[in-house]
Amino acid sequence: MVGGSARRSTCGYPRGRYGFRWSRLSSEADDLTQPRLAKLARLRDLGIEPYPSRFERTHSAADAVARFAELGGHTLRLAGRITSRRVMGKASFCHIQDGSGRVQLYLRQDGVGPEAYERFRDLIDLGDLLGAEGKLFQTRAGEITLDVSRFDLLAKALRPLPEKWHGLTDVEKRYRQRYLDLTVNEDVRRVFRLRSAIIGAIRCFLDRRGFVEVETPVLQALYGGAAARPFITHYNALDRDFYLRISLELYLKRLIVGGYDRVYELGRVFRNEGLSTEHNPEFTLLETYEAYADYHDVLAMVEEMIPWVAETALGTTTIEWQGRPIDLRPPWHRVTLRQAILDHAGLDVDAFPDQASLYEQVASLGLPIVPGTPRGKIIDELLSRFVEPKLVEPTFVLDYPVELSPLAKRKPERPDLVERFEGFVGGIEIANAFSELNDPLDQRQRFLQQAQDRAAGDEEAQPTDEAFLLALEHGMPPTGGLGIGIDRLVMVLTNQPSIREVILFPQLRSRD
RNA sequence: GGGCCGUUAGCUCAGUUGGCAGAGCACCUGACUUUUAAUCAGGGUGUCGCAGGUUCGAGCCCUGCACGGCCUACCA
């Protein structure tokens, strides 16, 4: 495999030792990696470093193509992964793909010289990273192409790309080897670019409104702010268990106490629950808190923010969701939770003010509910079962039972309800907001109730957070708070029915 | 947790009644200086997810397990 030259390779590897690299591959080398290893060795023998440090690009692929009128005839330096290759004797075409798109290269023996041409033809493979310099021109077929005068291998690929026509469709492989998915599936690249644009637009929207972005602890001695079971970890230096946060709420409110008027955090939270097309154990949550505002102010902000983000990131306020258009422009529908359940389940929850009567009524409707389910949870069940799937048009559902919302302020005229709304689009909950409870005595009572629920077997009831109560006792201004599940928002805005399609590396069972 | 479906070459997939493991792309050899799913000639490269069982014989039938998908249940 190696020629007779006594020349040493530039990187100092002695000749003839490359076989040992077999054992260092991430898994068994096969008949497709073996020839690539041999080519790698030959390149080193030719004095070519297959993994050089850098390459100076003048343009991106998309740039070169888009600005042909201006760049045609000029010398450009482009770089990317070889995604197609057509060798025709003494001339070859290939496409290279970078982060912006792809562009065709044309290599002629006359253009790059016989030695370099032979090197391209014999030692460069589909999947290799290549840098090329040449003049931009248009082929007979009209494709904008770089007429290459010289090229450099930037990284040798030892493994082949997925098939060029059908691409990579195996769902498990797409998630486990997302880099391959991104390399060959343009739609996947598009969705994740949109995700980035959506998050960027959210930041821009909030920053312009005077919100300050902050960061709060992920590792917490006590968790709270949502109804969920936490992940538990161990802090060796303190020799005690810690929790991964399940929400951002309790720390952000401390900052409102501290005098910030408007704060937000965009961060990862962790909930110890099952996997599904709508649940990933770690997900990205946005929470905002605005002093001297209530949930009506927050509602107005959401109603403005979502269409603005869509317009900014997607270029439109009309999205497509599972085959039907949805107009995100305000005003969104508004309905109380009571009315929504009445509309879609034909049941007036206010007519059944205690657990026993509501349970009896719901059971008689044939809805399977575990006996003893608290009244609030029954209402919640009615919401998710009968109402949520119907809320395709952007809709705010207002005024939730106090039992479901231990951190929200009661409605003055209805102390059994809280000033809370959830926003739905496409049948998916994307926003949850309330007037924050700032009465420290009421808050302590709510925690006590949570402790009782917990004692009664509710594993998701929140533990009492004395440090948080201490902060409230120092006085928190009236505050409007908001939570938006970013992954679900991205699902809706990019028309993806599974959360795994908007998370680069979704949780999968480990494969040992 | 339950049900259904799936796992075959690097990728996308066929595989008949239980009887020699297949195709396209990729890859390898050769030809070809404007191709673009390049073309032409030749070449099959495999732990049929794993472990058992039935059988003269298992990719195919049976049992268990792993991983994935969908549905369902539980869960915010």
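So that the names make sense, note that chain A is the first sequence line, chain B the second, and so on, each numbered from 1. In this text the structure is predicted, and so the values were computed from the model without any measurement.
In terms of heavy-atom proximity, Met491(A) sits nearest to Trp321(A) at O-CZ3, 3.3 Å. When all heavy atoms are compared, the tightest approach of Gly127(A) to Arg81(A) is O-NH1, 2.8 Å. In terms of heavy-atom proximity, Arg245(A) sits nearest to Thr216(A) at NH1-O, 3.1 Å.
Across all strands, Arg500(A) comes closer than 4.0 Å only to sugar-phosphate atoms, never to a base (heavy-atom distances). In this structure, Ala141(A) reaches the bases: a heavy-atom distance under 4.0 Å links it to at least one base atom across the strands shown. Within the nucleic acid shown, Ser276(A) has no heavy atom closer than 4.0 Å to any nucleic acid atom. Residue Asn432(A) is out of contact with every strand shown, counting any heavy-atom pair closer than 4.0 Å. Using a 4.0 Å heavy-atom criterion, one finds that Glu422(A) contacts the bases of the nucleic acid, with or without backbone contacts as well. If you check every strand for non-hydrogen atoms under 4.0 Å, Phe283(A) touches nothing. Arg229(A) comes within 4.0 angstrom of no nucleic acid atom, judged by non-hydrogen atoms across all strands. Here Leu180(A) lies out of heavy-atom contact (under 4.0 Å) with every strand. Nucleic acid contact for Gly111(A): none, since no nucleic acid atom lies under 4.0 Å from a heavy atom of the residue.
Contact of Gln104(A) with rU35(B) (side chain to base): a donor-acceptor pair of N or O atoms is detected under 3.5 Å. For rU35(B), the base has a donor-acceptor partner in the side chain of Arg86(A) [N/O atoms by modelled type, under 3.5 angstrom]. Residue side chain Ser84(A) does not reach the base of rU36(B) through any donor-acceptor N/O pair under 3.5 Å, judged by distance alone.
Distance from the side chain of Lys90(A) is smallest to rC32(B) among rC32(B), rU12(B), rU34(B). Nearest nucleotide to the side chain of Arg176(A), out of rG69(B), rC67(B), rU33(B): rC67(B). When the nucleotides rC70(B), rG69(B), rU34(B) are ranked by their closest atom to the side chain of Tyr175(A), rG69(B) comes out on top. Comparing rC70(B), rC11(B), rU33(B) against the side chain of Gln109(A) picks out rU33(B) as the nearest. Side chain of Glu172(A), nearest nucleotide from rG68(B), rC75(B), rG24(B): rG68(B). With distances taken from any side-chain atom of His166(A) to the nucleotides rG24(B), rC67(B), rU34(B), the minimum falls on rG24(B). For Trp165(A), whose side chain is taken as the heavy atoms from C-beta onward, the closest listed nucleotide among rU34(B), rA37(B), rC75(B) is rA37(B). Distances from the side chain of Pro35(A) to the nucleotides rC28(B), rC11(B), rU34(B) place rC28(B) closest. Here the side chain of Leu508(A) is nearest to one of rC75(B), rG68(B), rC11(B), namely rG68(B). In the set rC11(B), rA37(B), rC32(B), rC11(B) carries the atom at the smallest distance from any side-chain atom of Pro162(A).
Comparing the C1' positions of rU45(B) and rG24(B) gives a spacing of 15 Å, expressed to the nearest Å. rC56(B) and rU72(B) are spaced 45 Å apart, taking the C1' atom of each and rounding to whole Å. A gap of 13 Å separates the C1' atoms of rA37(B) and rU12(B), to the nearest Å. Taking the P atom of each, rG49(B) and rC60(B) are spaced 8 Å apart, rounded to whole Å. Rounded to whole Å, the separation between the P atoms of rA51(B) and rG59(B) comes to 13 Å. A gap of 30 Å separates the C1' atoms of rA58(B) and rG43(B), to the nearest Å. Separation of the C1' atoms belonging to rG69(B) and rC61(B) is 25 Å when rounded to the nearest angstrom. Rounded to whole Å, the separation between the P atoms of rA73(B) and rC67(B) comes to 24 Å.
Dashed line: the shortest gap from a side-chain N or O of Lys173(A) to OP1 or OP2 of rG68(B) is not under 4.0 Å. Taking 4.0 angstrom as the limit, Arg385(A) places a side-chain polar atom (N or O) nearer than this to OP1 or OP2 of rA73(B). Distances shorter than 4.0 Å separate some side-chain N or O of Lys164(A) from OP1 or OP2 on rA26(B). An OP1 or OP2 oxygen of rG68(B) is reached within less than 4.0 angstrom by a side-chain nitrogen or oxygen of Arg509(A).
In this structure, Tyr400(A) and Gln177(A) both approach RNA chain B, and ranking their closest nucleotides by distance from the 5' end singles out Gln177(A). RNA chain B is contacted by both Gly167(A) and Val171(A); Gly167(A) maps to the nucleotide lying nearer its 5′ end (nearest heavy atom per residue).
Put simply, CG on Asp170(A) is 8 Å from P on rC13(B), counting in whole angstrom units.
Remark: the backbone N or O of Leu168(A) is not paired with any side-chain donor or acceptor of Glu163(A) at under 3.5 angstrom. Put simply, the side chain of Arg500(A) never gets that close to the backbone of Pro506(A): no donor and acceptor are under 3.5 Å apart.
Looking only at atom types and distance, the side chain of Arg86(A) has a donor-acceptor partner in the side chain of Gln104(A) under 3.5 Å away. Looking at Glu436(A) and Thr479(A), their side chains never bring a donor and an acceptor atom within 3.5 Å of each other. For Tyr117(A) and Ser92(A), the side-chain atoms include at least one donor-acceptor pair closer than 3.5 Å.
With the 3.5 Å cutoff on both pairing distances, Watson-Crick and G-U pairs in RNA chain B assemble into runs of at least 3 at B:1-7 with B:66-72, B:10-13 with B:22-25, B:27-31 with B:39-43, B:49-53 with B:61-65.
For the atom pair CZ (Arg77(A)) and CZ (Arg150(A)), the distance works out to 6.0 Å, reported to the nearest 0.5 Å.
Taking the ring centre of Phe505(A) as origin, the terminal cationic atom of Arg178(A) falls outside the region bounded by 6.0 Å and 45° from the ring axis.
Remark: of the listed residues Tyr243(A), Phe231(A), Phe242(A), Tyr243(A) is the sole one forming a ring pair (Phe, Tyr, Trp, His ring centres under 6.0 Å) with Tyr223(A).
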Which atoms of nucleotides 39-42 of chain B (N or O only) lie under 3.5 Å from a protein N or O atom, and what are those distances?
none

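The ring of Tyr106(A) has its center closer than 6.0 angstrom to the ring center of Phe93(A).
Using a cutoff of 4.0 Å between basic side-chain nitrogens and carboxylate oxygens, Glu320(A) and Arg324(A) are not scored as salt-bridged.
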